[in-house]
2 protein chains.
Amino acid sequence: MLNTPRATDTGIAAHDRLYRSLRQQIMHGELAPGQALTLRGLARSYGVSMTPAREALRRLSAEGALTLSASGRVSTPDLSTERIEELATLRALIETELATRALPRAHIALIERLQAINMANAEAAVKRDAVAYIRTNLEFHRTLYLRAQAPAMLAVAETVWLQLGPTMRSLYTRIARSEPPQHHRMIIAALKAGDEPALRLAIRTDVTQGLRHIAT
Amino acid sequence: MLNTPRATDTGIAAHDRLYRSLRQQIMHGELAPGQALTLRGLARSYGVSMTPAREALRRLSAEGALTLSASGRVSTPDLSTERIEELATLRALIETELATRALPRAHIALIERLQAINMANAEAAVKRDAVAYIRTNLEFHRTLYLRAQAPAMLAVAETVWLQLGPTMRSLYTRIARSEPPQHHRMIIAALKAGDEPALRLAIRTDVTQGLRHIAT
DNA sequence: CATGGGCGATTGTGATCACACGGCCGGATC
DNA sequence: GATCCGGCCGTGTGATCACAATCGCCCATG
């Protein structure tokens, strides 16, 4: 079998398909921290050869989504508390800026979409579905930040989310949160009121709230 | 010749050697914006096969240091003014935080090293050596931020520098700056005085100064 | 029962090849 | 003379293989 075109070939490169799939799994907290990934294992499960698997893993580890051990073994990161604090600070810095830029452009349709996403998020919380909770939570933030029209800043923010993915999983499955996110309501209220200081505060507390009290 | 070990084998993987070399060239502004790179060309000039070259390019494009065209061609980025503004804002946000964290740890030996680097920087300015200017400029900032003991934040900051590399080159070769950076002196003065607000202001102006007035 | 040595299986790395897509240049046609 | 078409060359993509390093397990030894 030499270079057989895949039946499911969508015209998108195989390494890109792997990359997107893994990236989403990591960002949404579907993988636990410290989980090892192998080239051959990944290649087999996606029905490709080692080459595209290697590229996808290399790309993800360049973004900090995966860590390479000294021997080249790759696994999901198991972050120290110091690093978690740094990433939380980065989230606060970048996302307050993104929210501020989005504020003047936030019209009623956007706020309604945010409320709808927030309902799905609350539902995931009561169901104790950590993955769905993380996914809807990030979707809430991304939907808001897309209005900022700042792709470079959003890309950096998503890189930070990516690094925090496995950590958020272990965090949210551990504390088994059942309360819906009250900070999201504060964000929506500030958007409605056009209150920039309140918005910045709401973003900062929402972003750091879950991550700050890890130093157990 | 199958898998012949290279005579210059230092134990470091070939793709990593390429990565580091290209990364430094891009960050230091040795490559102009829009410069195209080819797998075979790179592999030939480094004496390796296409495989490690591909990995290095993939890694760099994941960090935003290179852009992939639709057909997979890779070249150094030619940034829009909007994107430059975003990256300048990111620099200001992240680097003020890093400087603030470094401030309480900045003792006299660090300040003396910063002054020495700054002299080399001024020398590059009078010589109109854009590459040396960018290199010493970044070394100045990195030396300060290393004291912040925040590797994750520094890594993100360096990613932003990487994206701005070719742009800084074309900027600094165009305006042919001859004056030494006065903002660096403000940074050093604020460090000596332990004045945090002054330090934050100095960092912000230093970082945005060159990039802000691009909107010609 | 704990511990260290050794061997086999597994893994990442790099080279090489086949293939398909795309750009570029030349010539033929109107 | 301008324009369009076709083939060639260069380029990225993915598969496969050889090889070295390393991990893990088992057994022997104290």
Side-chain angles (χ1 to χ4, degrees), chain A residues 1-23 26 31 34-78, chain B residues 1-23 26 31 34-78:
Chain A
M1 181 169 71
L2 249 61
N3 294 335
T4 307
R6 298 190 49 69
T8 59
D9 195 335
T10 56
I12 293 134
H15 69 84
D16 207 55
R17 190 165 50 90
L18 257 101
Y19 166 76
R20 287 183 214 271
S21 172
L22 286 172
R23 176 190 158 98
I26 294 166
L31 273 57
Q35 183 131 139
L37 298 175
T38 66
L39 259 45
R40 288 174 176 83
L42 235 66
R44 196 154 4 94
S45 68
Y46 279 84
V48 295
S49 82
M50 288 167 50
T51 313
R54 221 193 318 186
E55 293 191 42
L57 290 187
R58 191 72 66 191
R59 191 169 165 190
L60 286 164
S61 45
E63 294 180 279
L66 296 171
T67 56
L68 276 75
S69 84
S71 63
R73 251 84 163 182
V74 46
S75 55
T76 61
D78 196 355
Chain B
M1 179 171 71
L2 249 62
N3 295 333
T4 306
R6 299 190 49 69
T8 58
D9 195 337
T10 55
I12 293 134
H15 67 85
D16 207 56
R17 189 165 51 90
L18 259 98
Y19 166 76
R20 287 183 213 270
S21 173
L22 286 173
R23 176 191 158 97
I26 294 167
L31 273 56
Q35 184 130 142
L37 299 175
T38 66
L39 259 45
R40 287 174 177 83
L42 235 66
R44 194 153 7 94
S45 68
Y46 279 85
V48 294
S49 80
M50 288 168 49
T51 313
R54 219 192 319 186
E55 293 190 42
L57 290 187
R58 190 73 65 190
R59 192 170 165 187
L60 286 164
S61 44
E63 295 180 280
L66 297 171
T67 56
L68 277 75
S69 83
S71 63
R73 251 84 162 184
V74 46
S75 55
T76 62
D78 196 355

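Order of the sequence lines sets the chain letters (A, B, ...), proteins ahead of strands, with each chain counted from 1.
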Discussion item. In this structure, how many angstroms lie between the C1' atom of C/dG12 and the CD atom of A/Glu55, rounded?
Written reply: 15 Å

Worksheet item: Which residues satisfy the salt bridge (charged side-chain N to carboxylate O under 4.0 Å, His left out) test with A/Arg58, sequence neighbours excluded?
Response: B/Glu55

Worksheet item: Under 4.0 Å between a side-chain N/O of A/Ser49 and OP1 or OP2 of D/dA15, yes or no?
Response: yes

Worksheet, complete the sentence: In whole angstroms, the gap separating P of D/dG14 from CG of A/Leu18 amounts to 10 Å

Item to complete: Check side-chain hydrogen bond (donor to acceptor under 3.5 Å, both in side chains) between B/Ser45 and all other residues, then give those that pass, not counting sequence neighbours.
Response: none

Worksheet item: Of all the nucleotides listed (C/dT13, D/dA15, D/dG14), which has the minimum atom distance to the side chain of B/Ala13?
Response: C/dT13

Can you check nucleotides 10-12 of chain D for protein contacts, nitrogen or oxygen pairs under 3.5 Å, and list what you find?
residue, atom, partner, partner atom, Å
D/dG12, OP2, B/Leu39, N, 3.0
D/dG12, N7, B/Arg40, NH1, 2.8
D/dG12, O6, B/Arg40, NH2, 3.1

Discussion item. What is the distance, to the nearest angstrom, from the CZ atom on B/Arg59 to the P atom on C/dT13?
Written reply: 10 Å

Discussion item. Tell me every residue that passes side-chain contact (heavy atoms from CB on, under 4.5 Å) with A/Ser49, counting only those two or more places apart in sequence or in another chain.
Written reply: A/Thr51, A/Pro52

Response to the item:
Contacts of B/Asp16 meeting salt bridge (charged side-chain N to carboxylate O under 4.0 Å, His left out) (sequence neighbours excluded), chain-then-number -> B/Arg20, B/Arg59

Discussion item. Show every salt bridge (charged side-chain N to carboxylate O under 4.0 Å, His left out) that has at least one partner inside residues 60-75 of chain A, sequence neighbours left out.
Written reply: A/Arg23-A/Glu63

Worksheet item: Does A/Thr76 use its side chain to pair, donor to acceptor, with the backbone of A/Gly34 at less than 3.5 Å?
Response: yes

